[in-house]
Amino acid sequence: MTEKIELAPQYDPTAIEAATYRRWLDAGVFTADAESPREPFVIVIPPPNVTDRLHMGHGLNNTVQDVLIRFERMRGREACWLPGTDHAGIATQNVVERMLVKAGLNRHDIGREAFVERVWEHVHTTGGTILEQLKAIGASCDWSRTRFTLDDSYSTAVRRVFVQLYDEGLIYRGHRVIHWCPRCLTSLSDEEAEFHETDGTLYYIKYRLVEPQGGSVAGVAEAAEAADDPDEAEYVTVATTRPETMFGDVAVIYHPDDERYDLAGREVEIPLSGIRIPVRTHVAVEQDFGTGMLKITPAHDANDFDTARDLDPDGAMPVIMTEQARMTEGGRVPPVLRGLDRFEARRRIVDMLRASGQLEKIAPHRHAVRHCYRCDTVIEPRLSDQWFVRMKPLAEPALAAYHEGRLRFVPDRWGAVYQRWLDEIRDWNISRQLWWGHRIPAWYCTDAACGHITVSETDMTACAKCGGAVRQDEDVLDTWFSSWLWPFATFGWPTETEDLARFYPGDTLVTGPDIIFFWVARMVMAGCHFMGDIPFDTVFLNGIVRDTQHQKMSKSRGNGIDPLDVVARFGADALRFTVIAGSAIGTDVILDPHDLETSFAAGRNFANKLWNVGRFILQNLADTPAPLDQLDPAQFELADRWILSQCQRTIAEVTEAIERYRLNEAAHRIYHFVWDDLADWYVEQVKPRLYGQVRGGDVARGLLAEVFGTALRLLHPIMPFVTEELWGHLPGTDGTLLAAAPWPERQPSLNDAEADDRFARVQELVGAVRAIRAEYGVAPGRAVRAYVQPASLDAAEACNAEQRTVERLAKIGTLTFGPAPEEPGAHAVLADGSALAVPLGDAIDLARECARLSAERDRIAGLLRGVAAKLANQQFVERAPAEVVDRERAKEQTWREQRDALTQKLHALGC
RNA sequence: GGGCGAAUAGCUCAGCUGGUCUAGAGCGCCUGCCUUACACGCAGGAUGUCGGGGGUUCGAAUCCCUCUUCGCCCACCA
């Protein structure tokens, strides 16, 4: 006994999504079993910032991961998609600091401990929101394994790594110029200081030559003689974009080969200050740029730092700016400029130089300026003490993995990006002057005489060397110093857990190309170094979500789309279908934030189409239909064989497309099968059988259930909600979940080229009649009579077998084989007003077939000529080396076979 | 300065190893339809010198060269 299935005529995602997700959770289908005998398939999520809210980029990235993980889960792998969040040092600290500012406070007012507590509070109340939002788009993460990069256990891993690298000599404390953000008040790594092309100004400043105090008198005299021009004798002109740093200059240099100058050993005076600095030569100068004369400011420019150290390893490196990038209150800065912001100071200095005649000229100058990747403030290079990781030794195994093909990128062009960065890798500044993060596990002895630094996994209370008092380093570690451990720290490392043994290494990493350096490359390095193996073998780079102006979507630009809005209006499946179908492999996804309807209607419509196909089928399956293997193939009609054949093709193509990461192709292929093949043709063809108008209803029902069930399974990774809901109504699924159902298997025996071909002719015939009906404006309710000339093509025979199909689908009253009546009214409404005679000889006639044959003939003839030409070219081969000859002989043989085959075909076509 | 990518219908894009590409899809547009699953639908239709110019080939949207226009990444000419 089967109750009539009642489904709404329109699919309402909001009515089922939450409940469906709950069913998945309750059944535990997302939870990976470390003891399962199945082969694991592991994806670790790129952990979003703990304070993030879901945006379209997450929507795309996580949908891609979910498609892969659901696909592999259905294919029988023990799928583990590990979710979690990142503490995101600077970003999160900034968020909480802004909240404090609103309350009229800054972090120093409340102190470090209270501040960190505030951040934890914030993270606990709002943190993890994004994980909840991921559920809304259907992400099938293993929530039992959710991790946070600041968990206690994670800290253990971070400390272990720090200590190990320190012991190996790969972490060291360095004194050098680093990228400093004067707003975030922390140092940054090279990757965090982004270049922006900027229209700047090049200032040409005159530095007055002065007599050296206690220098070589002879050298001065020669230099003075060498200069003919009195001005040149008096000044050297230095070109700089940053006049405000000049009080930090320690030298002015030119290239030793530069014949314009002969000033080495002389001294110049820094304008506005009277500070004397030497003129030196050094190869770091580019002679063609500016005047060929370069000022050296070691404390405020990384290159100058290197040059200065080269010139004088023990030389002074005066700092003339505060951490806030204001001119210092003392030291070399002239009193009128003290305390000024760097840009204000620049304006004042330029004015003063102009007034004193020391500004020779200014010129516009476009150059790349580094900005903080978190707050976009212009970076201020700054001399300071920081912790660094020596990267070169870590990079080597990561490069080897790529070169040996163990690690691959999809699309592969990103491999070159990865490789280049590793080839030219520089040491990584890992200390941040923040409060939110993993505090650096280093303790300094307070006894200056001892000065020992103790690096330890456990908290220290006494110096390891002298036993004296210690204080811990105030700084925290770069967020990425914890992220790079994600693929194994999340599974319990350094403890040798069952999870770690089972789920490391993982399989595929899905992320954006923008964090290849920040994260991907570093994870590979960490994996190789600490686990002895790469953390994943495939890196699948998804594109970036942009608006119609091709601008990256972001909240600050105001061009964002809130995925939850989309879910509410169109459903999660519509969102998922749109981003998957809308992006070819590795290309960006363009969506219009001002027209969600246009962007997402296709996905919503498709979900609805599927819903209604399902509704129709379910309403017509009285009882549990017979499974495919219990149906008698002898009773199959052409359409049955055809739909099974198409279904096979779809299984093969969808499977292959996902395996090749061509998810958009998988989406389009299943879309086409459901909408065009199944709904538009097969369901229509089958109706008379279902309605009992003709025999064969049971076969039709069995095949509908079979084919529709397959379609649901193929579509499930992309559109999990609607497919799961329909699956639940399908007879015979017995409460099983589609999410845990097996992926459809290919059955090559069901491929049926003959059926494909014959049904294509039926479709052509139907299309021809429909076109004629439309052309003649035949009212929908009115039948026409169609005549097919048997002489026209052998298709008539095929059509004969499918006469009923054609009659129904083309709404023909009768289909007759034979010439159309010669009567004058053949193209008009017949006398009884009921029918129109349509001679189909016009629609699919011999001419079309001939055209096709002739095109085919031309094509084959072309191929034949090509093969003949190749064969003709072979005469040169004889002189080649033996193995080349062998290879060429083999080719020649292939060509001969091709030639013979083509010739035969041509004969078959009557040539 | 170096590298990479893109330019195909009004819009957003597919088109993988040259030959069923006589170039497709979705949206939009035009015509007719509320045909007992679906108007978030059905049927039919219009629209492209595949950025320009050369070349290779029997054959090019596809391969090569070049130009133009966009976008991205990297980079110590201050």
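Below, chains carry the letters A, B, ... as their sequence lines are ordered, and counting in each starts from 1.
- A:Ala368 comes within 4.0 angstrom of a base, heavy atoms only.
- Among the heavy atoms of the strands lying under 4.0 Å from A:Asp680 are primed sugar atoms or P, OP1, OP2 only; no base atom is included.
- At a threshold of 4.0 angstrom between heavy atoms, the contacts of A:Val285 include nucleobase atoms, whether or not backbone atoms are also involved.
- Within 4.0 Å (heavy atoms only), A:Phe517 reaches sugar-phosphate atoms of the nucleic acid but no base atom.
- Distance A:Gln10 CD to B:C34 C1': 14 Å, rounded to the nearest Å.
- On the C1' atoms, B:G28 is 39 Å away from B:C65, given to the nearest whole Å.
- Between B:U35 and A:Lys687, no contact under 4.0 Å exists linking OP1 or OP2 to a side-chain N or O.
- Using a 4.0 Å heavy-atom cutoff across all strands shown, A:Glu684 reaches at least one base atom of the nucleic acid.
- Using a 4.0 Å heavy-atom distance criterion, A:Arg426 is classed as a sugar-phosphate-only contact.
- Atom CZ of A:Arg413 and atom P of B:C72 are 14 Å apart (whole Å).
- Across every strand in view, B:A43 sits in a pair with B:U31 that passes the Watson-Crick or G-U test at under 3.5 angstrom.
- In the set B:G26, B:C42, B:A37, the nucleotide with an atom closest to the side chain of A:Trp675 is B:C42.
- Side-chain atoms of A:Arg615 never come within 3.5 Å of backbone atoms of A:Gln10 as a donor-acceptor pair (strictly under, hydrogens ignored).
- Backbone-only contact: A:Tyr691 has heavy atoms under 4.0 Å from sugar-phosphate atoms and none from a base.
- Taking atom C1' on both B:C13 and B:C58, the two are 33 Å apart, rounded to the nearest angstrom.
- Evaluated for a side-chain hydrogen bond (donor to acceptor under 3.5 Å, both in side chains) with A:Glu380, the options A:Arg242, A:Arg370, A:His179 yield exactly one hit, A:Arg242.
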Steps toward side-chain contact (heavy atoms from CB on, under 4.5 Å) verdict (A:Val766, A:Trp681): CA-CA 11 Å; A:Val766 170; A:Trp681 287 98; 3.8 Å; yes
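- Taking 4.0 Å as the cut-off between side-chain N and carboxylate O, A:Arg662 and A:Glu656 do not count as a salt-bridged pair.
- Whole-Å rounding puts the A:Asn612 CG to B:C40 C1' distance at 9 Å.
- Each of B:C40, B:C73, B:A37 was ranked by its minimum atom distance to the side chain of A:Arg615; first place goes to B:A37.
- The cationic atom of A:Lys361 (NZ for Lys, CZ for Arg) does not lie both less than 6.0 Å from the six-membered ring centre of A:Tyr203 and within 45° of the ring axis.
- For A:Arg660 against B:C16, a side-chain N or O and a base N or O form a donor-acceptor pair under 3.5 Å.
- Across all strands shown, A:His365 has heavy atoms under 4.0 Å from sugar-phosphate atoms exclusively, and none from any base.
- The side chain of A:Arg662 has B:G15 as its nearest neighbour among B:G15, B:A37, B:C40.
- When distances are taken from the side chain of A:Asn303 to each of B:A43, B:G5, B:C76, the shortest belongs to B:C76.
- Mapping A:Arg366 and A:Leu591 onto RNA chain B by nearest heavy atom places A:Leu591 closer to the 5' end of the strand.
- In this structure, A:Glu197 contributes its side chain and A:Arg366 its backbone to no donor-acceptor pair below 3.5 Å.
- The interatomic distance linking A:Asp592 (CG) with B:G26 (C1') rounds to 15 Å, in whole Å.
- Looking at the side chain of A:Phe289, the nearest of the listed nucleotides B:A78, B:G2, B:C27 is B:A78.
- Residue contacts for A:Arg370: at a heavy-atom cut-off of 4.0 Å it reaches the sugar-phosphate backbone alone, with no base atom in range.
- Between A:Tyr261 and A:Tyr254, the angle of the ring planes lies from 30° to 60°, which puts this pair in the tilted group.
- Between A:Ala679 and A:Glu665, the residue anchored closer to the 5' end of RNA chain B is A:Glu665, taking for each the nucleotide with the nearest heavy atom.
- Counting to the nearest Å, the P atom of B:C76 and the CD1 atom of A:Ile253 are 17 Å from each other.
- When the side-chain nitrogen and oxygen atoms of A:Lys609 are compared with OP1 and OP2 of B:C42, one or more of them lie within a distance under 4.0 Å.
- Comparing B:A37, B:C74, B:A75 against the side chain of A:Phe195 picks out B:A75 as the nearest.
- Nucleic acid contact for A:Arg604: base, since at least one base atom lies under 4.0 Å from a heavy atom of the residue.
- Using a 4.0 Å heavy-atom distance criterion, A:Ala239 is classed as a base contact.
- Counting any heavy atom pair closer than 4.0 Å across all strands shown, A:Glu197 reaches a base atom.
- Using a 4.0 Å heavy-atom criterion, one finds that A:Val417 contacts no nucleic acid atom at all.
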